[in-house]
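Beneath this line is the structure, given in structure tokens, with notes to follow.
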Amino acid sequence: MMLPEDRKYSKEHEWIHVDGDRGRVGITDYAQGQLGDVVYVELPQVGAQVGAMEVFGTIESVKAVSELFSPVGGEVLEINQTVVDSPELVNTDPYGDAWLIVVKVTDASQLDSLMTAAQYQAYLDSEGEG
């Protein structure tokens, strides 16, 4: 399972890669594997406000519909229209082209509550999911 070390992870299986005050958000390889074939992604509009660990969209697979949680709060600066048009990208490139939103990180201290790659792997292992 891929687990890039240049980002932070949530227990809800989202990742965030921060560059300055911009945080790019997606779901983990583990999450996409659990979902199975992704067939639909619903994202917020640019300019929407999202709260830390609050729902910002939904992702639908052949197995289930799941909510998407923002690892940090802030304004949505970008959405990935490519993944809306081609949701199957989530299954093939969850850490690359299938990012979901870019959030303006207004409170960097929220990142402290997220996990490193090693901590996330340990979390998955402890849950019997790794």
Side-chain angles (χ1 to χ4, degrees):
M1 179 177 66
M2 297 187 310
L3 213 49
E5 296 188 5
D6 63 347
R7 49 201 83 196
K8 298 277 213 159
Y9 299 88
S10 72
K11 289 183 178 178
E12 287 73 25
H13 309 292
E14 276 85 13
W15 57 261
I16 183 168
H17 180 267
V18 177
D19 184 11
D21 66 350
R22 298 168 58 91
R24 183 170 283 188
V25 176
I27 69 166
T28 66
D29 191 32
Y30 169 79
Q32 71 80 20
Q34 292 296 302
L35 284 167
D37 294 336
V38 175
V39 295
Y40 181 75
V41 175
E42 181 180 14
L43 300 176
Q45 294 189 349
V46 171
Q49 295 290 324
V50 295
M53 306 319 295
E54 291 184 2
V55 174
F56 71 83
T58 57
I59 188 165
E60 184 176 342
S61 72
V62 294
K63 291 181 180 175
V65 177
S66 297
E67 294 178 323
L68 297 164
F69 295 88
S70 181
V72 297
E75 180 183 352
V76 176
L77 300 175
E78 295 178 48
I79 65 163
N80 188 350
Q81 188 61 45
T82 302
V83 84
V84 172
D85 295 339
S86 302
E88 66 277 7
L89 272 177
V90 173
N91 294 116
T92 58
D93 195 10
Y95 297 114
D97 289 341
W99 60 273
L100 300 173
I101 60 172
V102 174
V103 176
K104 181 171 183 155
V105 180
T106 54
D107 182 357
S109 70
Q110 293 175 344
L111 297 167
D112 296 339
S113 63
L114 301 173
M115 295 177 279
T116 64
Q119 290 169 328
Y120 180 66
Q121 182 63 59
Y123 171 72
L124 292 177
D125 292 344
S126 73
E127 298 292 311
E129 299 173 340

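Scope of the values below: all heavy atoms of this structure, side chains included, with no hydrogens, waters or symmetry mates. Quick caveat: nothing in here was measured; it's all calculated off a predicted structure.
- Taking CD of Gln121 as the start and OH of Tyr30 as the end, the distance is 11.0 Å to the nearest 0.5 Å.
- In this structure, a donor-acceptor pair under 3.5 Å is present between the side chains of Glu42 and Thr58.
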Practice item. Go through the steps for Met53 and Ser10 under the test side-chain contact (heavy atoms from CB on, under 4.5 Å), then give the verdict. Key: CA-CA 9 Å; Met53 306 319 295; Ser10 72; 3.9 Å; yes
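- Looking at residues two or more places apart in sequence or on another chain, you find no salt bridge (Lys or Arg N to Asp or Glu O under 4.0 Å) involving Lys8.
- More than 12 heavy atoms of other shown residues, nucleotides or ligands fall within 6.0 angstrom of atom CG in Asp107.
- Residues Tyr95 and Arg7 share a closest heavy-atom pair of O-NH1, 3.3 Å.
- When all heavy atoms of Val41 and Pro87 are compared, the closest pair comes out as CG2-CB, 3.9 Å.
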Practice item. Report the C-alpha separation of Gln34 and Lys63 in whole Å, then their side-chain angles, then the decisive distance to 0.1 Å, and conclude whether the side-chain contact (heavy atoms from CB on, under 4.5 Å) test is met. Key: CA-CA 9 Å; Gln34 292 296 302; Lys63 291 181 180 175; over 6 Å; no
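- Counting only distance, with no hydrogens or angles, the side chain of Gln119 and the backbone of Thr116 share a donor-acceptor pair below 3.5 Å.
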Indicate every side-chain donor-acceptor pair of residues 74-81 with a distance under 3.5 Å to a residue at least two apart or in another chain.
residue	atom	partner	partner atom	Å
Glu78	OE2	Arg22	NH2	2.1
Asn80	OD1	Thr82	N	3.1
Asn80	OD1	Val83	N	3.4
Asn80	ND2	Asp97	O	2.7
Asn80	ND2	Trp99	O	2.7
Gln81	NE2	Asp85	OD1	3.0

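- Under the 3.5 Å distance criterion, with hydrogens and angles disregarded, a donor-acceptor pair is assigned to the side chains of Asp29 and Gln32.
- In plain terms, the two heavy atoms of Pro44 and Phe56 that are nearest each other are CD-O, 3.1 Å.
- Residues Val50 and Trp15 do not share a hydrophobic cluster, clusters being chains of Ile/Leu/Val/Met/Phe/Trp/Tyr side chains in contact below 4.5 Å.
- Using the six-membered ring where Trp is involved, His13 and Tyr120 have ring planes that are perpendicular, over 60° apart on the 30 and 60° scheme.
- Closest approach of Ala52 and Pro71 over heavy atoms only: CB-O, 4.2 Å.
- Note that CG of Leu114 and CD of Glu14 are 10.0 Å apart. Values are rounded to the nearest 0.5 Å.
- Here the shortest heavy-atom pairing between Ala117 and Pro4 reads CB-O, 3.6 Å.
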